[in-house]
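As structure tokens, the structure follows; a few thoughts come after it.
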Amino acid sequence: QVQLVESGGGSVQAGGSRRISCVASSFSVTFPGYFMGWFRQVPGKEREAVARIRTDDGSTYIADPVKGRFTISLDNDKNTLYLQMNNLKPEDTAMYYCATTALWVGDLPPSSYYEYHYWGQGTQVTVSS
């Protein structure tokens with residue numbers, strides 16, 4: 001069974017940086033044909049895509065609200081997905097989740113959280129002004 005475990009969340013002041021991690025087990029981030037992503041959610045709102053990365057070639061997508069501030073990456077040796085968050089804003093406060101698709105056979109990348117199959121438990125990031 002694939003397991004994803006996030007860590008690294010916490011409290012940070014606006015303008016600061018934080019890197020959160022997601023360690024995978026029973027799954028290798030070097031497996032071709034998968035998408036891994038970061039999502040965030042605040043109470044009462046739908047889960048929002050933040051960034052995704054394709055395991056085949058490392059190509060990435062960054063959502064507009066965080067473009068230029070957040071970076072997604074993989075460390076193959078540590079089997080870990082990262083989200084580097086810079087210039088954090090109070091509106092970035094949320095529970096952050098990592099996720100992976102099952103083997104992806106579609107022509108287009110996943111476009112919504114329901115297309116991801118495995119999820120971590122989340123790590124809370126709180127940005128104070």
Side-chain angles (χ1 to χ4, degrees):
Q1 179 74 7
V2 173
Q3 285 192 318
L4 303 173
V5 180
E6 302 97 332
S7 64
S11 297
V12 62
Q13 290 206 325
S17 297
R18 197 87 179 182
R19 188 179 76 166
I20 56 178
S21 306
C22 172
V23 178
S25 58
S26 301
F27 174 81
S28 172
V29 301
T30 64
F31 286 164
Y34 292 81
F35 286 91
M36 298 191 74
W38 286 101
F39 295 79
R40 65 187 183 185
Q41 189 169 24
V42 297
K45 290 192 175 182
E46 191 168 271
R47 195 162 292 191
E48 173 189 27
V50 175
R52 69 167 182 258
I53 188 166
R54 183 170 179 159
T55 59
D56 298 58
D57 57 10
S59 58
T60 62
Y61 161 82
I62 307 294
D64 285 344
V66 302
K67 193 170 291 183
R69 301 188 295 121
F70 289 14
T71 304
I72 186 171
S73 63
L74 290 171
D75 185 323
N76 294 342
D77 292 337
K78 296 182 178 179
N79 211 38
T80 299
L81 175 73
Y82 295 106
L83 185 69
Q84 176 67 44
M85 304 180 289
N86 298 327
N87 190 22
L88 281 159
K89 303 176 180 180
E91 53 263 42
D92 295 319
T93 295
M95 183 72 79
Y96 284 74
Y97 299 90
C98 71
T100 184
T101 62
L103 183 64
W104 192 256
V105 296
D107 293 332
L108 298 176
S111 59
S112 181
Y113 69 89
Y114 55 80
E115 295 181 285
Y116 287 75
H117 196 70
Y118 301 101
W119 291 84
Q121 83 290 348
T123 187
Q124 177 69 35
V125 175
T126 302
V127 185
S128 58
S129 57

Can you measure from [atom1] ([X]) to [atom2] ([Y]) and round to the nearest 0.5 angstrom?
| X | Y | atom1 | atom2 | answer |
| --- | --- | --- | --- | --- |
| Phe70 | Asn87 | CZ | CG | 9.0 Å |
| Ile62 | Leu83 | CD1 | CG | 7.5 Å |
| Ser17 | Leu88 | OG | CG | 6.5 Å |
| Asp75 | Cys22 | CG | SG | 12.5 Å |
| Thr126 | Asp92 | OG1 | CG | 11.0 Å |

Using every non-hydrogen atom in the two residues, find where [X] and [Y] come nearest and quote the distance to one decimal.
| X | Y | answer |
| --- | --- | --- |
| Phe27 | Thr100 | CZ-OG1, 3.6 Å |
| Pro110 | Phe35 | CD-CD1, 3.4 Å |
| Thr101 | Glu115 | CG2-O, 3.6 Å |
| Ile53 | Ser73 | CD1-CA, 4.1 Å |
| Leu4 | Cys98 | CB-SG, 3.6 Å |

Given the options Glu91, Glu48, Glu6, Arg40 meets salt bridge (charged side-chain N to carboxylate O under 4.0 Å, His left out) only with Glu48
Is any NZ, NE, NH1 or NH2 atom of the basic residue among Asp64 and Lys67 found under 4.0 Å from an Asp or Glu carboxylate oxygen of the other? yes
Residues two or more places apart in sequence or in another chain: which of them pass side-chain hydrogen bond (donor to acceptor under 3.5 Å, both in side chains) with Arg52?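 Result, side-chain hydrogen bond (donor to acceptor under 3.5 Å, both in side chains) vs Arg52: none returned.
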Step-by-step side chain to side chain contact (heavy atoms under 4.5 Å, CB included) determination, Arg47 to Tyr116: CA-CA 12 Å; Arg47 195 162 292 191; Tyr116 287 75; over 6 Å; no
Intermediate values then yes/no, side chain to side chain contact (heavy atoms under 4.5 Å, CB included), Arg18 and Tyr96: CA-CA 12 Å; Arg18 197 87 179 182; Tyr96 284 74; over 6 Å; no
Test of ring centre spacing under 6.0 Å for Tyr113 and Tyr97: no
